[in-house]
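Working notes for the structure below.
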Amino acid sequence: MLIFRTKSDIQRHLNAFNSAENKIGFIPTMGALHQGHISLIDESVKRGLYTICSIFVNPTQFNDKRDLENYPRTLDSDIQLLEKSGCNAVFVPSVEEIYPSEDTRKFSFGNLDSLLEGKHRPGHFLGVAKVVSILFEIIKPDFAFFGSKDYQQVLVIKELTKQLNLPITIVPCSIIREKDGLAMSSRNTLLSETERKAASLIPELMKKVKEWKGRGLLISEIKQKIETELAKNPIYKLEYFEVCDKTTLFPLNELTPNIKPIALIACFVGKIRLIDNLEL
Ligand code: AMP
């Protein structure tokens with residue numbers, strides 16, 4: 001696997017590359033790689049694409065400075081994992097390489113900016129849009145793979161690609177989970193043993209949502225049950241739980257047959273903020 005640290009090096013490599021014959025599959029990450037990330041690489045490799053992964057902890061998408069400082073950085077083991085996957089090349093740029101000067105561009109994603117993650121992490125999607133558009137410009141992939149664990153992010157990236165008129169197919173991939181159902185996340189490594197055990201309640205509750213929906217409970221009743229369950233232990237701090245329209249992410253007050261619902265949650269376990277979602 002090739003390792004590139006500068007824009008000019010990876011661009012030189014890609015310029016010599018026959019893009020008519022070889023299509024590029026791209027997987028942007030912030031590192032601390034786990035099987036969730038590797039599943040995206042697998043999906044690209046399975047499609048016969050020349051597979052490029054990037055590892056870059058993007059400062060502009062962190063609305064909490066401490067979260068950025070504490071974000072796990074495990075480059076050596078990341079590279080070992082990538083070597084074992086079928087990844088062809090990895091791009092590991094510095095902050096100066098991506099942002100040689102301040103990126104003052106503005107993007108607007110309509111309601112996606114102000115709902116759920118957009119509401120609770122102001123500026124987060126602007127930072128995501130900045131870095132992803134810069135990486136897309138450098139790599140010029142044909143396909144880019146994103147995890148549905150960050151469901152709202154997938155919608156933002158699709159909208160970004162549309163707004164910038166980029167010829168890139170965005171491929172959403174399923175959530176990879178631990179044995180107890182917890183969605184894999186780089187942040188899981190920051191949980192204490194007690195917090196890690198407590199975290200499994202989140203996917204358990206999401207499963208129950210499906211069951212409650214099946215039993216005909218109203219959305220307001222489902223929300224109440226979630227709040228009650230989490231309030232039983234002060235280790236949890238619920239940020240939001242919503243049942244939304246899968247395509248617009250508009251929160252729903254009632255379930256109707258013509259709207260596909262998705263449940264989304266963000267909850268602190270101790271100091272670690274975890275997110276999850278489940279299509280209902
Ligand atoms: P991150 O390194 O957290 O920015 O994630 C990089 C990519 O991996 C994003 O598209 C994530 O949605 C995806 N990803 C993270 N965790 C998972 C998971 N458990 N299952 C599937 N994809 C994931």
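Whatever order the structure lists them in is the order used to number ligands and atoms, beginning at 1.
- Ile175 belongs to no hydrophobic cluster, as no Ile, Leu, Val, Met, Phe, Trp or Tyr side chain comes under 4.5 Å of its own.
- Within 6.0 Å of CD on Glu69 lie more than 12 heavy atoms contributed by other residues, nucleotides or ligands.
- Sorted by first and then second residue, the ring pair (Phe, Tyr, Trp, His ring centres under 6.0 Å) pairs with a member in residues 200-258 read His120-Tyr240; sequence neighbours excluded.
- One finds no salt bridge joining Lys7 and Glu137 here, because no Lys/Arg side-chain nitrogen approaches an Asp/Glu carboxylate oxygen to under 4.0 Å.
- Within the hydrophobic cluster formed by Ile, Leu, Val, Met, Phe, Trp and Tyr side chains joined at under 4.5 Å, directly or through other members, Ile27 is accompanied by Met1, Ile3, Leu33, Ile38, Leu40, Ile41, Val45, Leu49, Ile55, Leu75, Ile79, Leu81, Leu82, Val90, Val92, Phe143, Phe145, Val171.
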What does the contact table look like for ligand 1 (nitrogen or oxygen on each side, cut-off under 3.5 Å)?
unit_1	atom_1	unit_2	atom_2	d
ligand 1	2 (O)	Met30	N	2.9
ligand 1	2 (O)	His37	NE2	2.9
ligand 1	5 (O)	His37	NE2	3.4
ligand 1	10 (O)	Gly147	N	2.9
ligand 1	12 (O)	Gly147	N	3.2
ligand 1	12 (O)	Gly147	O	3.1
ligand 1	12 (O)	Asp150	OD2	2.6
ligand 1	16 (N)	Met184	O	3.4
ligand 1	19 (N)	Ile176	O	2.9
ligand 1	19 (N)	Met184	N	3.4
ligand 1	19 (N)	Met184	O	2.9
ligand 1	20 (N)	Ile176	N	2.9

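- Val269 approaches Glu195 most closely through the heavy-atom pair CG1-O, 3.4 Å.
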